[in-house]
Amino acid sequence: MRQEDIWDVETAERYDTPGRGVFAAEVVEPAVARLAALAGGGRVLEFAIGTGRVAVPLAARGISVTGIELSRPMLAKLHEKADIPVVVGDMATATAPGRYSLVYLVYNTIGNLLTQDEQVECFRNAARHLDPGGRFVIELGVPELRRLPPGQDAVVFGAESGYLGVDTYDTVRQHLVSHHFRFGDGREARLGRCPQRYIWPAELDLMGRLAGFELESRHADWAGAEFTAKSPSHVSVYRLPGR
């Protein structure tokens, strides 16, 4: 499955849910506030900007935001809402013009790069875009392998009326595939799948070091909660040497 095939027109329409889910104010506003503070008034670049869930409210604060995005349907949804400059391309290799004080990558999206080499290149690409002392921020889930029963490779992560979510794991390659089953009134279901490569926090830190970053901070959420062994996700801030 190629990423450009996964993030097609239908997926872009279904993903964009203003005011609900990951677009809810209580989800978006803490992220936007933290990113605005980290930007310090400088220019900002979002890798995999998508439909602008974070970029649009960040730009509304008067911050100069640029994006990189592989999916043209996602980009079309963004441009229905705001005139934000975006380079079409892969976040591990595409180049946006100029230099930035902050590059950020939210909501597990680095996992869309399916090899360790590509993920390392994503860090290096962020470093190439940053001013000295600039920051790279990643929001990422912690792999939930402790939920896997012995001898099984699948776990249900969501179940509600009309929907079932199942993750299947390949622990040798550090791959998982999220399966989204949506049920209507009939006997058949629609299936959407999203492959990812999961990353442990320590591995993520090593990727940062290979690209010249130092870990500045890690919290359990955008509001700054303490990261512990029980945290399901983290917001990690990496910084380049410099001023």
Side-chain angles (χ1 to χ4, degrees), residues 2-25 27-39 41-114 118-119 121-131 134-141 194 196 222 233 235-238:
R2 300 184 309 164
Q3 292 298 325
E4 51 265 53
D5 295 331
I6 295 170
W7 303 100
D8 57 11
V9 173
E10 180 183 352
T11 302
E13 290 288 343
R14 188 171 62 243
Y15 176 80
D16 207 64
T17 57
R20 297 183 290 112
V22 295
F23 284 78
V27 176
V28 174
E29 289 175 2
V32 170
R34 180 79 188 285
L35 291 169
L38 290 170
R43 300 176 69 226
V44 169
L45 174 64
E46 180 173 358
F47 283 176
I49 194 171
T51 66
R53 180 178 69 93
V54 173
V56 171
L58 196 58
R61 289 179 172 236
I63 296 173
S64 176
V65 181
T66 300
I68 290 175
E69 175 56 50
L70 184 64
S71 167
R72 291 183 183 276
M74 298 286 276
L75 183 55
K77 291 294 294 184
L78 164 63
H79 284 158
E80 290 175 6
K81 296 179 281 187
D83 185 18
I84 293 175
V86 179
V87 173
V88 178
D90 189 296
M91 58 187 162
T93 58
T95 300
R99 289 292 178 268
Y100 302 84
S101 65
L102 179 71
V103 177
Y104 67 93
L105 181 54
V106 298
Y107 199 49
N108 302 326
T109 310
I110 192 171
N112 290 347
L113 300 170
L114 298 180
E118 289 177 307
Q119 292 169 346
E121 286 306 311
C122 183
F123 269 90
R124 289 175 172 154
N125 199 28
R128 286 191 292 267
H129 282 91
L130 285 168
D131 292 321
R135 294 179 173 95
F136 183 32
V137 182
I138 294 182
E139 178 189 18
L140 186 61
C194 181
Q196 301 169 62
W222 291 103
S233 62
V235 176
S236 296
V237 181
Y238 297 91

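Since we're looking at a predicted model, the values are computed, not measured.
Gln196 places no side-chain N or O within donor-acceptor distance of the main-chain N or O of Asn112, the cut-off being under 3.5 Å. A donor-acceptor pair under 3.5 Å is absent between the side-chain atoms of Ser236 and the main chain of Ile138, judged by distance alone. Looking at Ser64, its side chain never comes within 3.5 Å of a backbone N or O of Arg43 through a donor-acceptor pair. At distances below 3.5 Å, at least one donor-acceptor pair connects side-chain atoms of Arg99 with backbone N or O atoms of Arg128. Counting only distance, with no hydrogens or angles, the side chain of Lys81 and the backbone of Thr51 share a donor-acceptor pair below 3.5 Å. Arg61 places no side-chain N or O within donor-acceptor distance of the main-chain N or O of Ala36, the cut-off being under 3.5 Å. A donor-acceptor contact shorter than 3.5 Å is absent between the side chain of Glu69 and the backbone of Leu75. Between the side chain of Glu46 and the backbone N or O of Tyr104 there is no donor-acceptor pair closer than 3.5 Å.
Glu139 places none of its side-chain heavy atoms less than 4.5 Å from the side chain of Asn108. Taking 4.5 Å as the limit, some side-chain heavy atom of Val237 sits within range of a side-chain heavy atom of Leu38. Between Leu45 and Ile68, some side-chain heavy-atom pair lies under the 4.5 Å cut-off. Counting heavy atoms from C-beta on, the side chains of Thr93 and Glu118 never come closer than 4.5 Å. Ser71 has its side chain out of reach of Val88: every pair of non-hydrogen atoms, C-beta onward, lies at least 4.5 Å apart. At a threshold of 4.5 Å between non-hydrogen side-chain atoms, the residues Val103 and Val137 do not count as touching.
In this pair, His129 and Phe47 present their aromatic rings perpendicular. The plane angle is above 60°, beyond the 30 to 60° band.
Nearest heavy-atom pair, Ala94 versus Asn125, reported as atom, atom and distance to 0.1 Å: O-ND2, 2.9 Å. Scanning all heavy atoms of the two residues, the minimum distance from Gly50 to Leu78 falls at O-CB, 3.6 Å. Of all the heavy atoms in Gly52 and Pro57, the pair that sits closest is O-CD, 3.7 Å. Shown here for Pro30 and Ala25, the closest heavy-atom pair between the two residues is CD-O, 3.9 Å. Minimum heavy-atom separation, Asp131 to Ser101: OD2-N, 4.0 Å. Nearest heavy atoms, Gly42 versus Ile63: O-CG2, 4.0 Å.
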Verdict with reasoning, Cys122 to Leu105, per side chain to side chain contact (heavy atoms under 4.5 Å, CB included): CA-CA 10 Å; Cys122 183; Leu105 181 54; 3.8 Å; yes

Quick one: do Thr66 and Tyr100 satisfy side chain to side chain contact (heavy atoms under 4.5 Å, CB included)? Show the steps, please. CA-CA 9 Å; Thr66 300; Tyr100 302 84; 3.6 Å; yes

Is there a side chain to side chain contact (heavy atoms under 4.5 Å, CB included) between Phe123 and Ile110 once you walk through the steps? CA-CA 10 Å; Phe123 269 90; Ile110 192 171; 4.0 Å; yes

Derivation of the side chain to side chain contact (heavy atoms under 4.5 Å, CB included) call for Asp90 and Leu113: CA-CA 9 Å; Asp90 189 296; Leu113 300 170; 3.8 Å; yes

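In this structure, Arg135 forms no cation-pi arrangement with Tyr238, as its terminal cationic atom is not both closer than 6.0 Å to the ring centre and no more than 45° off the ring axis.
A distance of 11.5 Å separates OG1 of Thr109 from CD1 of Ile49, quoted to the nearest 0.5 Å. A distance of 8.5 Å separates CD of Gln119 from CE of Met91, quoted to the nearest 0.5 Å.
For the residue pair Trp222 / Glu29, no side-chain donor-acceptor distance below 3.5 Å is found, with atom types taken as modelled.
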